[in-house]
Engineer: 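The structure that follows is given in the form of C-alpha cells.
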Protein chains: 2
Amino acid sequence: MTGPDPDDLTARARIRDAALLHFGEHGFERATIRGIAETAGVSSGLVRHHFGSKQALREACDAHLVKLISRLNDQVRADPAPADVNYVAAARAAIGPYQRYLARALAEGGAAPLFDAMVRMSEPWLADADKSRDHTPDVDRTTRAAVTTAMALSVTVLHQHLSRVTGVEMFSPEGDLLLARALIDIYSHPMLSLEEAASIRAALDKVQSASPQADRESTPPRIKEHRDD
Amino acid sequence: MTGPDPDDLTARARIRDAALLHFGEHGFERATIRGIAETAGVSSGLVRHHFGSKQALREACDAHLVKLISRLNDQVRADPAPADVNYVAAARAAIGPYQRYLARALAEGGAAPLFDAMVRMSEPWLADADKSRDHTPDVDRTTRAAVTTAMALSVTVLHQHLSRVTGVEMFSPEGDLLLARALIDIYSHPMLSLEEAASIRAALDKVQSASPQADRESTPPRIKEHRDD
DNA sequence: AAGGATGCTACACGCGTGTGTAGTCACCGT
DNA sequence: ACGGTGACTACACACGCGTGTAGCATCCTT
C-alpha cells in the first residue's frame, strides 16, 4: 500500500521521501532541512552531504516525481484498455502521499517537465476526439491540451478547497469516488451548446477586429471603486 | 487602467498593495516586510504599526481581495446580459495585478471565503443548465459547482505552465483571447459521450459494490517499482 | 593490510528575518 | 496654548535557518 518499501531504504531515498513530505506539508520555504532530517532519521548534515543544498534537494524531488509519473504513463500507455477518466484517478492514486508536493510544485511554476509530459500525454487522446467533430477547432490542439491538463490538475492543486466545500477529504477513497462521478458528469455534459459557443465566438471576433490590440476589452464591466483606501 | 489611483493613497493602502504584489511575486515566506515597505515607500516599522504582523498583513490582503471580488460579483450579477464565459475573463481582468497573489493564495489553501463565494456564484448558473437535462445528475450540485469552479480557477493558478506551453503570456490581452477561444471550444465539446459516461459509471458502481470501502480500488494499475532507491 | 573513498555526525558561523522599543513630528480637539 | 493621539522612523534584539568544516566509522579495493 505504501508502495515499495518499509522504512529501510537508502538514507538518500529516505531523505528524499521525507523532503517530499515536508515540502508538501509546509511548503518549500517553511520546510527546514533539520525537520526533514529528523523525519528521515538522519542528521541534518547528511542531507547536505547527499544533496548539496536545499534547492538541489528540491530538484531531486522534482526529478524523482517526474520519473515516477512517466513510469506510470508508460504503464498506462501500454495498457490495452484505456479507461479515460481513470487516467486521472490512477495517476493521483499512484502519486499517493506526494500529491501535496505535486500541488505546491505545480502552483509555484515548478515541475515544468512534468506538466509538459502530461500535456503531451493528453494530446493523442484529444486527437481522437477531434476526428468525430464537424468543424475543425479554431484553437490549436496543444493549447487545448494544455488547458485541459490544467483543468485536470486543478483538482489536485485546489484539493483543500474541494475538500472543505464538499465536506469530503479529496485524497481519500471516498473522495476519489465522488470526484470520479463529478468528473464523469461534467465531462459528459457541455457547459455551452454549440449555438451559444458560436454566438460568443462571434462576439469575440467582433470585439477583436474592432480594437485589434489597442486597449484591453473583452472585459465588459470595469469594476467600480469604493472609498476605503 | 491601473485601476483607482495614482501613487498617492493612504500609506496603509500603499502597503497593502505592495504586499499583494510582493506576496504574489515571491510567495508569502520569501517576501520580506522590508521589501514591501520599500516598494510602498515607507519604513518597515510602519508596516508593523498598521498591520501588527506579517500574518495579519496577509489576512488584510485576503480580505481586500474578497471585498474586491464580491463587489465585482454583485456588479456582474446586476448586469442584464450575463455573458457566460466572460465571467471568468471579466473577473481575471478586474483582479488585474493581483492575479499572481490570488493564484498563490488559492494554491496554499488560503482565500477560502473567496473560493466559497465563487462556488455559490456558479451554482445558480449550473441550476439553469440542469433544467435541460434528461436524467437527474447523480452528484449533488454543490460538488459539481466546486469542481467546476476549481477548473475555472486552474487557468489562473497554473498560468505559468499555460504560458510556457503555449508560448503566450496568459496574463495579457493576447492570452485572454486565446484562452477564451480555448475555453469556448472545450466547454462546448464534451470529452465523454453519454454512452461512455454511462459505461464508466457502471464500471464504477460495480467496483464500489464489490469492495464497498475495503481497499483502494478504482485505481486499476499498481505502479511497478524500479530499483534506484 | 594499507589506503582511500563513502556514509554519516556534531558543532559553529553568519546572515536575514520578524519583531520589539523608543522616539520624533504633525495634526486636532478643547 | 496644550495635552494627546496617531502616523511614521531608526535602531537593536533574538532566533531560526542554510551552510561550512572537521572528524569518525565502515567498507571496498589492490
Side-chain angles (χ1 to χ4, degrees), chain A residues 4-64 100-101 104-105 108 110 227-229, chain B residues 4-64 101 104-105 108-110 227-229:
Chain A
D5 4 72
D7 61 342
D8 66 352
L9 277 160
T10 305
R12 191 174 196 281
R14 270 195 338 248
I15 292 173
R16 194 217 323 111
D17 283 357
L20 252 347
L21 210 83
H22 273 70
F23 287 157
E25 202 70 32
H26 311 110
F28 178 72
E29 308 289 345
R30 212 171 159 184
T32 75
I33 291 191
R34 286 170 175 86
I36 293 170
E38 189 181 4
T39 298
V42 300
S43 78
S44 68
L46 188 60
V47 177
R48 171 175 168 79
H49 174 66
H50 277 302
F51 297 93
S53 76
K54 195 183 183 185
Q55 179 58 33
L57 174 56
R58 179 212 188 90
E59 283 159 15
C61 287
D62 277 0
H64 181 250
R100 291 185 154 80
Y101 176 86
R104 274 186 205 270
E108 292 183 6
R227 263 264 144 276
D228 69 345
D229 289 331
Chain B
D5 5 71
D7 61 343
D8 64 353
L9 277 160
T10 305
R12 191 174 196 282
R14 271 199 333 252
I15 294 173
R16 194 215 326 108
D17 283 357
L20 252 347
L21 209 82
H22 272 71
F23 288 157
E25 201 69 32
H26 311 110
F28 178 72
E29 309 288 344
R30 212 170 158 184
T32 76
I33 291 191
R34 286 171 175 86
I36 293 170
E38 189 180 5
T39 297
V42 299
S43 78
S44 69
L46 189 60
V47 177
R48 169 174 169 79
H49 173 65
H50 277 301
F51 296 93
S53 76
K54 195 183 182 184
Q55 179 58 33
L57 174 56
R58 179 212 188 91
E59 283 160 15
C61 287
D62 277 1
H64 179 68
Y101 176 86
R104 273 185 205 273
E108 292 183 6
R227 264 260 145 276
D228 68 345
D229 290 330

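Basis for what follows: all heavy atoms, side chains included, without hydrogens, waters or symmetry-related copies. The sequence lines fix the lettering, A, B, ..., with proteins before strands; numbering per chain opens at 1.
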Engineer: Round to the nearest Å and state the distance from B/L57 atom CG to C/dT17 atom C1'.
Structural biologist: 15 Å
Engineer: Would B/E108 and A/R30 satisfy salt bridge (charged side-chain N to carboxylate O under 4.0 Å, His left out), going step by step from the backbone distance to the final call?
Structural biologist: CA-CA 12 Å; B/E108 292 183 6; A/R30 212 171 159 184; over 6 Å; no
Engineer: Spell out, as yes or no, whether a donor-acceptor pair under 3.5 Å connects the side chain of B/R14 to the backbone of B/T39.
Structural biologist: no
Engineer: Might you point out which heavy atoms bring B/A56 and B/F51 nearest each other, and give the distance in Å?
Structural biologist: CB-O, 3.0 Å
Engineer: Specify the angle, to 10°, made by the local axes at the two ends of the helix from C/dA1-D/dT30 to C/dT30-D/dA1 when five pairs are taken at each end.
Structural biologist: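 Here the local axes at opposite ends form an angle of 10°.
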Engineer: Counting only side-chain N and O atoms of A/H50, is one of them less than 4.0 Å from OP1 or OP2 of C/dC8?
Structural biologist: yes
Engineer: May I have the distance from B/R58 (atom CZ) to C/dG18 (atom C1'), rounded to whole angstrom?
Structural biologist: 15 Å
Engineer: With respect to the phosphate group of C/dG7, does any side-chain polar atom (N or O) of A/H49 fall under 4.0 Å of OP1 or OP2?
Structural biologist: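 Yes, because at least one side-chain N or O of A/H49 sits under 4.0 Å from OP1 or OP2 of C/dG7.
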Engineer: Considering non-hydrogen atoms only, spot the tightest contact between A/Q55 and A/F28 and give its length.
Structural biologist: OE1-CZ, 3.7 Å
Engineer: How about A/E29: does its CD atom have over 12 heavy atoms from other parts shown lying under 6.0 Å from it?
Structural biologist: yes
Engineer: What's the CZ-P distance between B/F51 and D/dC8, to the nearest Å?
Structural biologist: 11 Å
Engineer: Base contacts versus sugar-phosphate-only contacts with protein, heavy atoms under 4.0 Å: please encode nucleotides 10-24 of chain D as B, S and - from 5' to 3'.
Structural biologist: --B----BBBB----
Engineer: Give the minimum heavy-atom separation between B/H22 and B/A31, together with the two atoms involved.
Structural biologist: O-CB, 3.9 Å
Engineer: Over how many whole Å does the gap from B/L46 atom CG to C/dT19 atom C1' extend?
Structural biologist: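 For the pair B/L46 CG and C/dT19 C1', the rounded distance is 15 Å.
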Engineer: Which heavy atom of A/C61 sits nearest to which heavy atom of A/A19, and what is that distance?
Structural biologist: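 Closest pair (atom of A/C61, atom of A/A19, distance): SG-CB, 3.8 Å.
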Engineer: So, does B/T10 use its side chain to make a donor-acceptor pair with the main chain of B/A13 at under 3.5 Å?
Structural biologist: no
